[in-house]
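In what follows, residues are counted from 1 in the order of the sequence shown.
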Amino acid sequence: SSLVSARFPVQGNIHTLLGSSLVAAPLLDIQKMIRRSCGYNLLIVDDVDTSGDRGLRRLESLLVSLASDEESQSNGTLVIVSTNAGGHAINRYMLEEAKKGLHTLEKVDGDTLRGVLLN
């Protein structure tokens, strides 16, 4: 998310939420700020807890309302959501590979890690 936000054309149109605060965050305020801003907006939601149903429902509601807001001056909103889901499984796999020898880590690719996550 930091790579995209560093290159985003209007820094004032970057809005960041912590996933852990989705339950209590004033999402209506963010929706109003995005509605009033001209140009494109970037909404970054970092470290979303995928086990927190209430926070996910609030995030979904925000995204649906942004998508259906016909009175907005914004040209659109790019949303980046990050999560650590699967992080423990990947870390465990990488540790086991490292125990075999550090040279085995060079062979790990995206397909391998996706396979770890699906198992």
Is the backbone of [Y] close enough, under 3.5 Å, to the side chain of [X] for a donor and an acceptor to pair up by distance?
X	Y	result
Asp69	Arg35	no
Asn84	Gly87	no
Ser37	Asn13	no
Thr83	Asp47	no

What is the distance from atom [atom1] of [X] to atom [atom2] of [Y], rounded to the nearest 0.5 Å?
X	Y	atom1	atom2	answer
Leu95	Ile90	CG	CD1	13.5 Å
Asp53	Arg58	CG	CZ	14.0 Å
Gln31	His15	CD	NE2	11.5 Å

Subject >> Option from Leu27, Val64, Leu22 for which side-chain contact (heavy atoms from CB on, under 4.5 Å) with Leu59 holds >> reply: Leu22
Original post:
Out of Ile30, Ile34, Asn41, which residue meets the side-chain contact (heavy atoms from CB on, under 4.5 Å) rule with Leu66?
Top reply: Ile34
Subject >> Cluster link Leu28 to Leu43, ILVMFWY, side chain under 4.5 Å >> reply: no
**OP:** Following the transitive rule for hydrophobic clusters with a side-chain heavy-atom cut-off under 4.5 Å over Ile, Leu, Val, Met, Phe, Trp and Tyr, establish whether Val108 and Leu117 coincide in one cluster.
**Re:** yes
Original post:
Can you check whether Leu113 reaches Met94 side chain to side chain, under 4.5 Å on heavy atoms?
Top reply: yes
**OP:** Run the salt-bridge test on Glu96 and Lys99 with the 4.0 Å N-O cut-off and return the result as yes or no.
**Re:** yes
Original post:
Which is it for Glu60 and Arg57 under the salt bridge (charged side-chain N to carboxylate O under 4.0 Å, His left out) test, yes or no, and what are the steps along the way?
Top reply: CA-CA 5 Å; Glu60 179 185 17; Arg57 282 194 305 269; over 6 Å; no
Original post:
In the hydrophobic cluster built from side-chain contacts under 4.5 Å, what are the other members alongside Leu78?
Top reply: Val4, Phe8, Ile14, Tyr40, Leu42, Ile44, Ile80
Original post:
How about Gln11: does its CD atom have over 12 heavy atoms from other parts shown lying under 6.0 Å from it?
Top reply: yes
**OP:** Identify, with sequence neighbours excluded, every residue that meets side chain to side chain donor-acceptor pair (under 3.5 Å) alongside Arg114.
**Re:** Asp111
